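Here's the structure we're looking at; comments come further down.
Computed from a prediction, not measured in an experiment: that's the story for all the values here. Below, all heavy atoms of this structure are taken into account, side chains as well, without hydrogens, waters or symmetry copies.
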Amino acid sequence: MPELPEVEVVRRGLADGILGRRIADVQVLHPRPVRRHLPGPADFAARLVGRTFTEPRRRGKYLWLPFADGDALLAHLGMSGQFRLDRPEATLVPNTRVLFSFDDGGTQLRFVDQRMFGGLSLSPEGAELPPEIAHIGRDPFDPEFDLAEAVSRMRRKRTNIKRALLDQQLVAGIGNIYADEALWRARTHYARATASLSRAKATEVLTAATEVMRTALGQGGTSFDALYVNVNGASGYFDRSLAVYGQEGRPCPRCGAPVRREPFMNRSAFRCPRCQRTPYGSAYLP
DNA sequence: ACTATATCCTGTATGC
DNA sequence: TGCATACAGGATATAG
C-alpha cells in the first residue's frame, strides 16, 4: 500500500526518468484511472501530447508531474498504482492502464494499477500545487510542516488517535501501515482519545510517525508483494522491519507479547497488547 | 461544522 | 473441485 515513503521513492525514480521529456503519444487502455478527467479518456490523451515534464512533486500520498506550461499531471497510486519506466518494446505487465510515449523514442512512462483506486488527471494551473489537493495537509517531510500546529489541531479533534493519524487534512502521508508502526513506537493504543493526549504525547506520536516513515524511505519503502514496486519494478525492504503491522501472533520486538490484530474502521489495527494497553477511561470508540 | 460510514475495485486466501 | 466470502484500504460522497 503506497504511503508517503513509497510515493516518495516513486517521485525520485520519475525525476530521473521524465525530467525535460516531451510527450509524443498517450494511450488510455482502461477508462477508470482517468475517471476524474470529465471530458473523457480521448480528451485526456489529446491534451497531454506535446507537453514537457519538469521536476515531479509530492504532498502526502499525492504526486504531481508539472509541465513546463504551468499545468500538471496529478496522480494518486491508490492501493495498487505503479509508475513504470520501460523500453517501448518491453512487454506490458498485467493491469497496465495508461501509456505515455516520448518524442525521444526512449523509455515509456506506464501507469499500472490492478485495483484502480488510483488515477491520473490533468490539473490546469497545477504546477505549483494542484487546486484539487489544496485541502490536503502538509506532510512531515515538507519544510513548512508545523509540528506544534498539527499537535494543537489533533488535540482539538473529537476522535481517536489512529483516525487522526489517517486524516490526510491533518497530517498527510500516513496510511494504515505507518499509523500502526508509529503507535507501537509511541506505546499508544489506537483508540486513545486525541482530546485526552498531552501536548507531549501527541508530539511523540507524530514524531514517531515521521521517524518510521523516514527510516522506511531509507530502505526503499515497504513491499509485501508485487503490488508496490518502484519505477524499475523493484521492491523496497522495510517490510522486514515492521514491528506490528501484518505481524499477528508474532512476538512484539520490544516485550515479546504476541501481536494482536483487531477490527478497526472495517479494517485492521495491529498492536502489542502489553506495550499498547487499552485506555479504558480515555478511549474513543465510535 | 464536524465526524462516521458506505463505496469503489480486483486478485488472493480461506472456508464449506 | 467449485463456489462463496473475506480481505487488502485511500479518498470521497453522503449520512448523521
Side-chain angles (χ1 to χ4, degrees), chain A residues 1-8 10 28-38 58-64 74-83 92-98 111-121 123 130-139 152-183 190-196 209 213 221-229 235 239 242 244-249 260-270 283-286:
Chain A
M1 287 43 83
E3 303 180 27
L4 188 156
E6 293 76 32
V7 179
E8 177 61 15
V10 172
V28 179
L29 306 180
H30 195 297
R32 179 143 184 94
V34 298
R35 64 192 176 281
R36 288 179 70 172
H37 185 80
L38 301 180
R58 182 190 55 72
R59 175 178 283 200
K61 304 169 197 171
Y62 273 99
L63 196 59
W64 69 98
L74 178 62
H76 196 291
L77 303 179
M79 282 286 293
S80 53
Q82 305 172 11
F83 275 114
L92 297 184
V93 301
N95 307 308
T96 299
R97 308 303 189 188
V98 185
F111 184 71
V112 180
D113 192 359
Q114 178 196 101
R115 294 175 200 166
M116 295 186 290
F117 275 33
L120 308 175
S121 61
S123 176
E132 297 90 335
I133 61 166
H135 63 289
I136 299 292
R138 292 189 186 275
D139 65 61
S152 297
R153 288 174 58 202
M154 174 180 279
R155 294 172 72 237
R156 283 198 294 269
K157 290 183 79 80
R158 289 301 194 261
T159 189
N160 58 55
I161 183 62
K162 184 164 175 180
R163 268 187 195 274
L165 288 175
L166 296 173
D167 181 348
Q168 303 301 300
Q169 307 196 35
L170 187 61
V171 176
I174 304 169
N176 212 30
I177 297 172
Y178 298 113
D180 281 359
E181 292 298 306
L183 290 169
Y190 55 81
R192 180 72 189 274
T194 48
S196 79
M213 291 196 292
T222 302
S223 307
F224 301 106
D225 49 38
L227 282 190
Y228 165 68
V229 293
S235 298
D239 60 304
L242 293 173
V244 288
Y245 183 85
Q247 308 301 310
E248 183 180 18
R260 282 189 197 163
R261 178 166 74 119
E262 294 167 350
F264 181 84
M265 291 170 65
N266 288 322
R267 296 184 165 83
S268 294
F270 294 89
Y284 187 91
L285 300 161

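Applying the side-chain hydrogen bond (donor to acceptor under 3.5 Å, both in side chains) test to A/Asp239 and every residue at least two apart in sequence or in another chain returns nothing. Residues passing the ring pair (Phe, Tyr, Trp, His ring centres under 6.0 Å) test with A/Tyr62 are A/His76, sequence neighbours excluded. Applying the side chain to side chain contact (heavy atoms under 4.5 Å, CB included) test to A/Arg32 and every residue at least two apart in sequence or in another chain returns A/His30, A/Arg35, A/Met116. For A/Ser268, the side-chain hydrogen bond (donor to acceptor under 3.5 Å, both in side chains) partners at least two apart in sequence or on another chain are A/Arg261. Applying the salt bridge (charged side-chain N to carboxylate O under 4.0 Å, His left out) rule to A/Lys162 yields the partners A/Asp180; only residues at least two apart in sequence or on another chain are considered. Checked against side chain to side chain contact (heavy atoms under 4.5 Å, CB included), A/Arg58 has the following partners two or more places apart in sequence or in another chain: A/Leu4, A/Val7, A/Glu8, A/Arg11, A/Leu63, A/Asp139, A/Phe141. Every residue meeting the side chain to side chain contact (heavy atoms under 4.5 Å, CB included) condition with A/Leu285, not counting sequence neighbours, appears here in chain and number order: A/Ala191, A/Ala283.
A donor-acceptor distance shorter than 3.5 angstrom exists from the side chain of A/Lys61 to the backbone of A/Ile174, with no hydrogens or angles considered. In this structure, A/Arg192 contributes its side chain and A/Ile161 its backbone to no donor-acceptor pair below 3.5 Å. When atom types are taken as modelled, the side chain of A/Thr194 and the backbone of A/Thr159 share a donor-acceptor pair closer than 3.5 angstrom. Between the side chain of A/Arg36 and the backbone N or O of A/Gly119 there is no donor-acceptor pair closer than 3.5 Å. The closest donor-acceptor contact from the side chain of A/Glu181 to the backbone of A/Leu242 lies at 3.5 Å or more, if one exists at all. The main-chain N or O of A/Gly173 is found under 3.5 Å from a side-chain atom of A/Gln168 such that the two form a donor-acceptor pair. The main-chain N or O of A/Gly175 is found under 3.5 Å from a side-chain atom of A/Glu3 such that the two form a donor-acceptor pair. Put simply, the side chain of A/Arg97 gets close to the backbone of A/Gln114: a donor and an acceptor are under 3.5 Å apart. Without hydrogens or angle criteria, A/Tyr284 side chain to A/Arg158 main chain gives a donor-acceptor distance under 3.5 Å. Between the side chain of A/Ser123 and the backbone N or O of A/Leu74 there is no donor-acceptor pair closer than 3.5 Å.
Side-chain atoms of A/Arg115 and base atoms of C/dG10 include no donor and acceptor less than 3.5 Å apart.
Mapping A/Asn266 and A/Asp167 onto DNA chain B via the closest heavy atom, the residue that lands nearer the 5' end is A/Asp167.
Contacts of A/Arg261 with the nucleic acid, taken as non-hydrogen atoms under 4.0 Å apart, involve only primed sugar atoms and P, OP1 or OP2. A/His30 comes within contact range of no nucleotide atom at all, as no heavy-atom separation falls under 4.0 Å. Within 4.0 Å (heavy atoms only), A/Arg36 reaches sugar-phosphate atoms of the nucleic acid but no base atom. Nucleic acid contact class of A/Tyr62 (heavy atoms, under 4.0 Å, all strands): sugar-phosphate only.
End-to-end axis angle for the helix from B/dC2-C/dG16 to B/dC16-C/dG2, using five pairs per end and rounding to 10°, comes out at 60°.
Between A/Glu6 atom CD and C/dG10 atom C1' the separation is 13 Å, expressed in whole Å. At whole-Å resolution of the value, CE in A/Met265 and C1' in C/dC7 are 16 Å apart. As a whole-Å value, the separation of A/Met79 CE from C/dG10 P is 7 Å. Residue A/Gln169 contributes atom CD, which lies 15 Å from atom P of C/dG10 at whole-angstrom precision. Atom P of nucleotide C/dT12 and atom NZ of A/Lys61 are separated by 11 Å, given to the nearest angstrom.
Residue A/His76 places at least one side-chain N or O under 4.0 Å from the OP1 or OP2 atom of C/dA11. Applying the 4.0 Å criterion to OP1 and OP2 of C/dA8, one finds that A/Ser80 has every side-chain N and O outside that range.
Listed by residue number, the members of residues 172-182 of chain A with any heavy atom below 4.0 angstrom from DNA chain C are A/Gly175, A/Asn176. Residues from residues 157-164 of chain A with heavy atoms under 4.0 angstrom of DNA chain B, sorted by number: A/Lys157, A/Arg158, A/Thr159, A/Arg163.
A nucleotide of DNA chain B counts as in contact with chain A when one of its atoms lies under 4.0 Å from a heavy atom; the first and last such, 5' to 3', are B/dT3 to B/dG11.
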Distances for protein N or O near nucleotides 4-6 of chain C N or O, under 3.5 Å:
none

